[in-house]
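What follows is a set of notes on a single structure, which appears directly below.
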Amino acid sequence: MSNRPPRAADRTRPAVLPAAGLLPAAAAPARLRVGVVGAGRVGAVLGAALAAAGHDVVAAAGLSTDSQRRAARLLPGVPLRPADEVVATSDLVVLAVPDDTLSGLVTGLAETGAWRRGQLLFHTSGAHGLAVLAPAERAGVLSLALHPVMTFSGGPEDLDRLVAAPFGVTSRPEHRAVAETLVLEMGGEPVWVAEGDRGLWHVALVTGANHLVTLVAEAADLLRTAGVDDPARVLTPLLTAALEGGLRRGDQALTGPVSRGDVGTVAAHLQTLTERAPSSVDAYVAMARRTTERALASGRLRRHEGTPLLDLLDSAEEAAR
Ligand SMILES: NC(=O)c1ccc[n+]([C@@H]2O[C@H](COP(=O)([O-])OP(=O)(O)OC[C@H]3O[C@@H](n4cnc5c(N)ncnc54)[C@H](OP(=O)(O)O)[C@@H]3O)[C@@H](O)[C@H]2O)c1
């Protein structure tokens, strides 16, 4: 199956939702009663997006003052109820809870008989696919995993950022049209992810987004140690160009000492870090090694240029033990 998103021209509401067995097969677009568990950064925003698409958000769950504040702002007038009551009143349940609570919540709701045959359900976790929803599926709930690839702060500004945001979609093949319709309705672009690839999908995004933040913060700290007052000013043009190059040309965008096989410079970096920022040595060695391996694999470095680099990094690792 292609994982290419539908074209923007398809951004109308196709009449696929009645296929879920929920709705009258009328010509009018389906209007679902939506329940949001819980009203966190993601849930409150997706609830607002579904309301904007014409659905009726009937209840939300959330005990903390943060959830109550977000619900009041993004889901005005929507009552806050316990999760089982939210499920009982909804055609479509959005489960936007921390990854580690998802399994227990779905199972607990199944044990109390909360799920109803014919309901729609999606969770928003990147780390999970469909397996975590199995107890609801067994109760006859059409279950989907719709992961928005976006960072959410839980404010109204997130709604704008949803426009054309990719959503990782995992569903049974026969439910794919329902999943894609919901994503399009929320303003996103569906990207198909097979159940077996879900773990790798999340690793990739964490590597790209979370580790990038760590790398940037690390570079900024090293510049501060070098006496630079405003590291962001120095880094912004370079890092923006590197990001754009990496996205467009992958390994071919690589510049710097590893791309030139410049062993002397890498050895000097290791010496400097050992003296001035020893806690950064391990990360530098790991990234330099991976950069070298990728440069070799992509033809940016020849074997006789890469081997001395790998030998140097082996020695540095050995010395650190
Ligand atoms: N934040 C992001 O940028 C982002 C992006 C994409 C995907 N996601 C995914 O979206 C999901 C939600 O993340 P989030 O950032 O929105 O989390 P969050 O801001 O911490 O909100 C979590 C919500 O779940 C509720 N909750 C926690 N445990 C619960 C339970 N056992 N039963 C019922 N409700 C419970 C919380 O309610 P209380 O108020 O009662 O604590 C809160 O409303 C996660 O799977 C996350 O990986 C997050």
Side-chain angles (χ1 to χ4, degrees), residues 34-50 57 59-75 78-90 92-112 114-115 121-133 135-136 143-170 179 182-183 186-191 193 198-213:
V34 177
V36 179
V37 182
R41 293 176 188 82
V42 172
V45 172
L46 295 191
L50 287 163
V57 182
L63 296 174
S64 66
T65 47
D66 277 349
S67 289
Q68 289 173 17
R69 189 178 41 77
R70 274 187 297 258
R73 201 163 170 213
L74 282 156
L75 306 171
V78 173
L80 292 180
R81 299 270 184 267
D84 57 340
E85 290 182 26
V86 175
V87 172
T89 52
S90 306
L92 166 63
V93 179
V94 179
L95 282 187
V97 298
D99 294 349
D100 290 351
T101 61
L102 198 48
S103 173
L105 181 61
V106 177
T107 303
L109 287 165
E111 284 167 359
T112 58
W115 300 115
L121 161 67
F122 73 82
H123 76 67
T124 60
S125 167
H128 290 285
L130 290 182
V132 74
L133 301 178
S143 302
L144 313 164
L146 307 181
H147 172 230
V149 184
M150 182 48 63
T151 56
F152 287 75
S153 57
E157 65 280 2
D158 288 346
L159 281 167
D160 293 334
R161 299 166 75 202
L162 271 184
V163 175
F167 275 62
V169 171
T170 302
L182 287 170
V183 171
M186 289 185 279
E189 297 281 359
V191 178
V193 184
R198 198 78 189 186
L200 207 48
W201 159 266
H202 197 232
V203 168
L205 299 173
V206 165
T207 299
N210 305 161
H211 296 180
L212 179 64
V213 170

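We count ligands from 1, going down the list as the structure has it; atoms in each ligand are counted the same way. Since this is a predicted model, take the numbers as computed values, not measurements. Computed over heavy atoms, backbone and side chain alike; hydrogens, waters and symmetry mates excluded.
Donor-acceptor pairing under 3.5 Å is recorded for the side chains of Arg161 and Thr151.
For atom 33 (C) of ligand 1, the choice among Val37, Leu95, Val86, Leu46 with the nearest heavy atom turns out to be Val37.
Each of the following atoms of ligand 1 lies closer than 4.0 Å to a heavy atom of Pro98: 22 (C), 24 (O), 27 (C), 28 (N). Interface of Gly62 with ligand 1, defined as ligand atoms under 4.0 Å from a residue heavy atom, comprises 37 (O), 39 (O), 40 (O). Annotation for ligand 1: atoms under 4.0 Å from non-hydrogen atoms of Thr151 are 3 (O).
Distance check on atom 30 (C) of ligand 1: every protein heavy atom falls at or beyond the 4.0 Å cut-off.
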Inset, instruction - Any chance you could lay out the side-chain contact (heavy atoms from CB on, under 4.5 Å) test for Val94 and Phe122, step after step, and finish with the verdict? - result: CA-CA 5 Å; Val94 179; Phe122 73 82; 3.6 Å; yes

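For Asp84, there are no salt bridge (Lys or Arg N to Asp or Glu O under 4.0 Å) partners two or more places apart in sequence or in a different chain.
Of the listed residues (Asp100, Leu95, Val132, Asp99), just one forms a side chain to side chain contact (heavy atoms under 4.5 Å, CB included) with Ser125, and that residue is Asp99.
For His147, every heavy-atom contact with ligand 1 shorter than 4.0 Å involves the side chain, none the backbone. At a heavy-atom distance under 4.0 Å, only side-chain atoms of Leu105, from C-beta outward, approach ligand 1. Within the 4.0 Å heavy-atom criterion, both parts of Ser125, backbone and side chain, lie near ligand 1.
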